[in-house]
J.: 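Below is a structure I'd like to ask you about.
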Amino acid sequence: MRRTIKLMALALVFGACLANAGIMSVRLVHATDAEGGIDPGLSDIAAILSSLRFESFSLLDSDTVQLPAEDARIRMAQGYTLTCAGTQDDLAIEMNHNGQVLLKTTATLRRGKPLILGGFPTREGKIVLVLKVE
Amino acid sequence: MKTMPWRKIEETLRKAGSDDVPVRDSAAFWEAFKARAEGETRNEAAPAPVALFPAWLKAAACFAVIVTGAALLIPTPSNNSIVDAELSEITAIEVAAAHGEITIDESVEGTIVWIHGLELEDVGPNQIKAFDVAADHSAVTIMNDESTNSTILWIHGMELK
C-alpha cells in the first residue's frame, strides 16, 4: 500500500515537472517603417506583428531556451542579451543592451501564445523580442 | 448416572445368574464399555452434511434472477408507433468550452451534432506578473490580444544612453 502511494506521488511530481518543461523560442526582430514586409521566419506571428505600426519586420537573431531555465543567458544581435530563469509558469526575464539593464519582468507563459517585448529603440525603428513556448 | 450402584447391580446379577436375567457377562460388558469410552469402537458412519440450499433451490433462484433481470432490462414497447418513428431532435444546445461553428446534421439514420474547434483546455493568456524598466522611458503598455493569442509589452519613449 505504501509503495503504491509512493509511486503515485512520484508520478504526480514527474507529471508536474513535465507540465513545466518546454522549449522557448527567442527571436529578436527589427521593426522599421521601411518597406520590406514580414520576414518568412516570423510567419507564425505575422498577425501579431501586423498589428504594430511598422512596415517591415526583419528577423535579426533567434535562439531557444530549455525550460525550466537556471539563469540561461542568450547573447543576441545588436548588443542585446537576454537572461531567463525559472519555469514556464514563473519565468524571470531580463533584457540587457551592452551591459545596461533595460527591462526586468516576470511572466507566466502559455504554450503557443507569444509574448512580445517591444519598444527598444534603434536609429531606424524599434527592437522587438518575441518569446514563445512550443 | 453416578448415583446408580452399578457394582451392586453387577453383584446381584452375578449371584442371580445369567440364566435368569438376559444380560451379558459383566467382564464382556465392561470391556465393551471401556472400549466404547476410549473410542476404539466408534466406527459409526459420519452424519451426512446438511444441505442448506439444495441444488433444485439454487437452480430455481438463478431462474428467478434471470427472469427478473430480463423483465427490467427489456424496454416496454410504446403504444404510439408514430412517435417512435420520429427523428431525434436537438431542441437546445449549449457548449461551455470555447469552440467554433456548430453543425447539426439530421438524417433518417440519426442526428449528428458536430462542434468545430472545441478547446477543452482554455489556458488563458500570458501573464506579466512584474516588470521594471531600468532605462528612461515615457510609458509602458501591456496588452493581451485575444485575436492573436499574444501578449505585448511595449515600452514607449525609451532612450538608450
Side-chain angles (χ1 to χ4, degrees), chain A residues 19 22 24 27 29 31 42-54 78-80 83 86-123 125-133, chain B residues 65 69 90 92-106 110-161:
Chain A
M24 182 177 70
R27 283 175 283 185
V29 179
L42 303 169
S43 58
D44 60 313
I45 53 168
I48 307 167
L49 295 178
S50 60
S51 68
L52 303 175
R53 294 175 181 174
F54 294 95
Q78 297 206 355
Y80 283 93
T83 307
T87 64
Q88 181 183 333
D89 288 336
D90 191 25
L91 187 66
I93 304 161
E94 185 177 299
M95 186 82 165
N96 284 267
H97 180 254
N98 292 333
Q100 180 189 2
V101 178
L102 298 182
L103 171 68
K104 286 181 179 178
T105 183
T106 306
T108 300
L109 296 185
R110 308 298 186 191
R111 198 175 293 270
K113 298 190 174 183
L115 172 64
I116 314 292
L117 303 176
F120 308 104
T122 64
R123 286 181 183 175
K126 301 288 184 185
I127 289 293
V128 177
L129 187 73
V130 182
L131 307 175
K132 186 179 178 184
V133 178
Chain B
V65 168
I90 303 295
I93 187 167
E94 180 182 349
V95 183
H99 64 282
E101 188 185 5
I102 297 176
T103 55
I104 300 175
D105 181 19
E106 293 179 341
T111 303
I112 300 172
V113 178
W114 198 267
I115 303 163
H116 299 266
L118 183 63
E119 294 179 10
L120 295 180
E121 188 180 1
D122 186 15
V123 294
N126 298 321
Q127 288 181 349
I128 302 293
K129 293 181 175 178
F131 70 92
D132 177 29
V133 184
D136 292 339
H137 64 287
S138 58
V140 175
T141 302
I142 299 174
M143 182 177 67
N144 280 318
D145 187 358
E146 291 183 2
S147 62
T148 55
N149 276 331
S150 64
T151 303
I152 298 173
L153 188 154
W154 197 267
I155 303 166
H156 300 268
M158 177 177 273
E159 294 179 3
L160 298 181
K161 293 176 182 176

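Here is the naming used below: chain letters follow the sequence lines, and residue numbers restart at 1 for every chain.
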J.: Is the side chain of B:Asn126 donor-acceptor paired with the backbone N or O of A:Lys113 at a distance under 3.5 Å, no angle test?
T.: yes
J.: Is it the backbone or the side chain of A:Lys126 that comes under 4.5 Å from a heavy atom of chain B, or both, or neither?
T.: side chain
J.: So do the side chains of A:Leu52 and B:Ile152 get within less than 4.5 Å of each other, counting heavy atoms only?
T.: yes
J.: Could you state the interatomic distance from CD1 (A:Ile48) to OG (B:Ser147), rounded to the nearest 0.5 Å?
T.: 8.5 Å
J.: Identify each donor-acceptor pair in which a side-chain atom of residues 98-109 of chain A lies under 3.5 Å from a protein atom, sequence neighbours left out, and give them as a table.
T.:
residue: A:Thr105; atom: OG1; partner: B:Ala130; partner atom: O; Å: 2.6
residue: A:Thr108; atom: OG1; partner: A:Asp89; partner atom: O; Å: 2.7
residue: A:Thr108; atom: OG1; partner: B:Lys129; partner atom: NZ; Å: 3.4

J.: So do B:Phe131 and A:Ile93 actually touch side chain to side chain, heavy atoms under 4.5 Å?
T.: no
J.: Working to the nearest 0.5 Å, report the span between CG of A:Asp90 and CD of B:Gln127.
T.: 10.5 Å
J.: Measuring heavy-atom distances to chain B, does A:Ile45 have an atom under 4.5 Å in its side chain, in its backbone, in both, or in neither?
T.: neither
J.: For A:Val128, is it the side chain, the backbone, both, or neither that has a heavy atom closer than 4.5 Å to a heavy atom of chain B?
T.: side chain
J.: May I have the step-by-step check of side chain to side chain contact (heavy atoms under 4.5 Å, CB included) for B:Leu160 and A:Phe120, ending in yes or no?
T.: CA-CA 8 Å; B:Leu160 298 181; A:Phe120 308 104; 5.7 Å; no
J.: I need the A:Arg110 CZ to B:Asn149 CG distance, nearest 0.5 Å.
T.: 12.0 Å
J.: With chain A, which of B:Asp145, B:Asp132, B:Asp136 has the greatest number of heavy-atom pairs at distances under 4.5 Å?
T.: B:Asp132
